[in-house]
Number of protein chains: 2
Amino acid sequence: MTEKHEFDLQNFLPYLLNQAAEESSLAFQQVYKDRYGMLRTEWRVLFHLGIYGRMTAKEIGQRSKMHKTKISRAVARLGERRFLTREQDDRDRRLEYLELTNLGLTAYRDLLGVAQTYDAKLSAGLSAEEDAVLRRALRKLAGFDAD
Amino acid sequence: MTEKHEFDLQNFLPYLLNQAAEESSLAFQQVYKDRYGMLRTEWRVLFHLGIYGRMTAKEIGQRSKMHKTKISRAVARLGERRFLTREQDDRDRRLEYLELTNLGLTAYRDLLGVAQTYDAKLSAGLSAEEDAVLRRALRKLAGFDAD
DNA sequence: TGTTGTTAGTTACAAAATCAACTATTAACA
DNA sequence: TGTTAATAGTTGATTTTGTAACTAACAACA
């Protein structure tokens with residue numbers, strides 16, 4: 001009596017990805033939340049500016065695929081807390097260049113270290129080959145290749 | 001002048017996993033939302049009951065790691081819409097056994113088909129080996145092995 | 001110029017998630 | 001038994017997100 005549709009929820013990619021994402025985000029989330037009171041969108045914006053440097057909200061949106069309202073709110077909060085400065089472009093006053101302050105840079109560097117350590121810890125459970133294949137496959141699924 | 005900390009956000013596992021999860025959930029989400037007006041928690045509960053059969057909210061929580069308030073509200077909505085029935089256990093009246101109605105079962109089977117097709121489509125972009133490694137790695141990261 | 005369309009970013013309102021406190025019931029055990 | 005602790009599930013208050021409509025600025029072109 002074999003099961004006809006042998007469908008395991010734990011093998012359905014969207015579900016599996018979600019569970020893995022949530023599980024693997026927990027510990028890092030704890031850090032940026034406890035240490036800086038940040039939300040997910042906020043550390044993401046922080047990292048974009050930390051890694052790629054001064055840019056506009058629009059550019060962050062293009063890279064991250066976050067919706068512009070999320071970015072707008074994250075930028076507003078990071079601004080209030082003095083993690084970044086906002087400077088209007090003279091030539092096109094719709095544009096605002098965002099840049100980390102020293103405070104923001106310090107937070108970024110701190111969290112960067114945490115992220116690197118944490119990423120390594122996650123990888124540690126996987127073989128080198130698994131790790132490489134995993135990241136490549138995820139990049140495909142996330143649409144990071146055809147960008 | 002080589003960059004000192006060559007950290008790419010798109011290679012940070014929690015970020016990568018989240019992006020892949022969101023991206024890969026989009027199309028399926030569209031279906032259960034448009035076709036049945038369901039939320040993510042709702043199709044998950046539906047699938048748990050469809051796959052594993054009659055069980056309590058607690059058991060769903062153990063398998064899915066969803067928080068009990070999410071489950072409670074999803075069950076309430078699915079009940080209102082006649083997708084499931086709720087039956088109190090006589091021996092322990094705190095427990096309620098949940099079971100799909102015919103309506104729920106029909107919806108489940110429909111969405112199951114969609115899920116299987118969709119999962120196959122996602123896999124199609126990957127080599128057989130990538131696919132296998134990906135799923136194994138994700139199961140590890142999601143904590144589905146040590147359960 | 002002036003009209004129309006587009007773009008960057010914000011805001012308002014509704015929907016959903018989170019967290020803590022709550023009810024009802026059972027278990028443990030003095 | 002009577003008291004305290006634990007458990008299943010719900011509810012309410014707050015926070016966060018999502019959707020759509022909005023403002024302000026620029027572009028295109030008659």
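Below, chain A is the first sequence line, B the second, and so on; all start at residue 1.
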Do you know which two heavy atoms are closest between B:R93 and B:Q88, and how far apart they sit?
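B:R93 and B:Q88 have their closest heavy atoms at O-NE2, 3.1 Å.
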
Looking at every heavy atom in both A:T101 and A:R82, which two are closest together, and how far apart are they?
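Closest approach of A:T101 to A:R82: OG1-O, 2.7 Å.
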
Nucleotide by nucleotide, 5' to 3', does protein get under 4.0 Å of the base (B), only the sugar-phosphate (S), or neither (-) in nucleotides 8-18 of chain D, counting heavy atoms?
SBBBBB--SSB

Closer than 4.0 angstrom, basic N to acidic O: yes or no for B:E87 and B:R54?
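The answer is yes: the pair qualifies as a salt bridge.
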
Output a table of nitrogen or oxygen pairs between the protein and nucleotides 1-4 of chain C separated by less than 3.5 Å.
none

What is the distance from [atom1] of [X] to [atom2] of [N], rounded to the nearest Å?
| X | N | atom1 | atom2 | result |
| --- | --- | --- | --- | --- |
| B:R91 | D:dT7 | CZ | P | 18 Å |
| B:R44 | C:dA17 | CZ | P | 10 Å |
| A:D89 | D:dC26 | CG | C1' | 12 Å |
| A:L78 | C:dG9 | CG | C1' | 16 Å |
| A:L98 | C:dG9 | CG | P | 7 Å |

If we only count heavy atoms from C-beta on, is the A:E22 to A:L26 side-chain gap below 4.5 Å?
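Result no, sub-4.5 Å side-chain heavy-atom pair not found.
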
Which pairs pass salt bridge (Lys or Arg N to Asp or Glu O under 4.0 Å) with one or both residues in residues 122-137 of chain A, sequence neighbours excluded?
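Checked against salt bridge (Lys or Arg N to Asp or Glu O under 4.0 Å) - neighbours excluded - the pairs reaching residues 122-137 of chain A are A:D119-A:R135, A:E130-B:R136, A:E130-B:K140, A:D131-A:R135, A:R136-B:E130.
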
Centroid-centroid under 6.0 Å between A:F28 and B:F12 rings
yes

Between B:D110 and B:Y32: side-chain donor-acceptor atoms closer than 3.5 Å:
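No, no side-chain donor-acceptor pair sits under 3.5 Å.
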
Between A:D89, A:T85, A:L84, which is the residue that forms a side chain to side chain contact (heavy atoms under 4.5 Å, CB included) with A:Y97?
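That would be A:D89.
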
